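Structure first, commentary second.
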2 protein chains.
Amino acid sequence: MALIDPKGLRATPYPLPFHRLIESFRSLPGIGIKTATKLAFHLLKVPEEEVERLARELGRLREELVLCPTCQNIMEQTLEETSTCALCCDLSRDGSTIMVVEDVQTLYAVERSGEFRGLYHVLMGRLSPLEGITPEALRIRELHARVETGEVHELIIATSPTTEGEATALYLSRLFKPMGLRVSRIAFGIPIGLELEYVDDITLIRSVEARRPM
Amino acid sequence: MALIDPKGLRATPYPLPFHRLIESFRSLPGIGIKTATKLAFHLLKVPEEEVERLARELGRLREELVLCPTCQNIMEQTLEETSTCALCCDLSRDGSTIMVVEDVQTLYAVERSGEFRGLYHVLMGRLSPLEGITPEALRIRELHARVETGEVHELIIATSPTTEGEATALYLSRLFKPMGLRVSRIAFGIPIGLELEYVDDITLIRSVEARRPM
């Protein structure tokens, strides 16, 4: 077919700039070739300003967002170098309790629930010796510095219930318990509202092991 | 909650540049708030070059793509002003038959099937008096100029089987039949491979009306 590149390099018959955009969309999570193509065609049809705005927002994303120097949450770049994120700045929150999470998504998931009133600490990952993620690669030093101020009384470890998440929880517990604070782990068990027959075996076993007196 | 803008303008608790990007993703077809958020977080984690590449490709999309002056297909911007798209340039194709399509997507859908060996003409829309889309708003003048060369013997009208698509087909047929060429419409009926019981009523009625002797 005439539209295929003579070098056979291209999988789609579209002009190169269009093809490249489709391929970039495809590299995003959850976007296959059909959605990628649909998005690219959509951007051909919308007013040019809309495409330019998206391009600009993407281009500036990394420069406009910085990490909160205290908790490593994402925050908007400001002129004052010492400012912290909106959560750390909020004096109505309980600074004696820090919830330790793996990533910013988890922070916002907990925040969305609206119940937790303490502060957060984002590790930016979880321990994984196989992938070369050692304690030094995580933001544990920063957490240590916060604990050392003496203002923190409890750490709630909210890493995932995966092998790496559990290893990270164990590591943090061993590191911080000797410093005299309470270290707790969020509870794992049957999700609320789920019929027991649909719960997977491991969750069921864990929920029985973790049973509590009534 | 502290993260909500005091003016109540923001629906997500994220920093403004992040929020804006999520909103832009949401404005794309088939992308809801969950996917938009997932995409934005993904772009926070990937190497910065990847985000910059996507931004660059989006920014350049409209300047690098032009319309083929003959058939209105999209093509890469070239230095020669008179060049046409890869399809129009392809001398192995049959220039006496032109398939008229509403948009570039349809062109590539037909091209993907690999059977049609004529040329195309992209109308860039379909007649819709309610939306103010008159014949002048479509690329009908350009089609007229192609027909006037005398090289075209058949127009295959491949607009959609919608009210607007049918009206467009009828308009084109009345315009071009008096010029002495054959004007045909693609066939509508039962899709191949579909069980008859699942076919919608209108398709079923149309397929009986359009029955052919065996």
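In what follows, chains are A, B, ... by sequence order, proteins preceding strands, each numbered from 1. These numbers come from the heavy atoms of this one structure, side chains and all, not from hydrogens, waters or symmetry mates. The structure displayed is predicted, hence computed values, not measured ones.
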Reported [atom1]-to-[atom2] distance for the pair [X] and [Y], which is rounded to 0.5 angstrom:
X: B:Met75; Y: A:Leu16; atom1: CE; atom2: CG; result: 13.0 Å
X: A:Leu28; Y: B:Leu54; atom1: CG; atom2: CG; result: 6.0 Å
X: B:Leu39; Y: A:Ile31; atom1: CG; atom2: CD1; result: 4.5 Å

**Request:** Kindly indicate whether the side chain of A:Lys45, heavy atoms from C-beta on, has any atom under 4.5 Å from the side chain of B:Gln105.
**Result:** yes
**Prompt:** Side-chain contact, heavy-atom cut-off 4.5 Å: B:Asp103 with A:Phe41?
**Reply:** no
**Asked** What part of A:Glu48 lies closer than 4.5 angstrom to a heavy atom of chain B: side chain, backbone, both or neither?
**Response** both
**Request:** With chain A as the partner chain, list the residues of residues 57-65 of chain B whose heavy atoms fall under 4.5 Å from it, by residue number, and write 'none' if nothing qualifies.
**Result:** B:Glu57, B:Leu58, B:Gly59, B:Leu61, B:Arg62, B:Glu64, B:Leu65
**Message:** Quick check on B:Leu44 against chain A: is it the side chain, the backbone, both or neither that has a heavy atom closer than 4.5 Å?
**Reply:** both
**Proximity breakdown for B:Arg56 and chain A, heavy-atom pairs closer than 4.5 Å** = neither
Would you find more than 12 non-hydrogen atoms of other residues, nucleotides or ligands less than 6.0 Å from [X] atom [atom1]?
X: A:Glu195; atom1: CD; result: no
X: B:Glu148; atom1: CD; result: yes
X: B:Leu194; atom1: CG; result: yes

**Request:** Taking all heavy atoms of A:Ser27 and all of B:His42, pick out the closest pair and write down the distance.
**Result:** O-NE2, 4.1 Å
**Any residue meeting salt bridge (charged side-chain N to carboxylate O under 4.0 Å, His left out) with A:Arg185, in chain and number order, not counting sequence neighbours** = A:Glu166
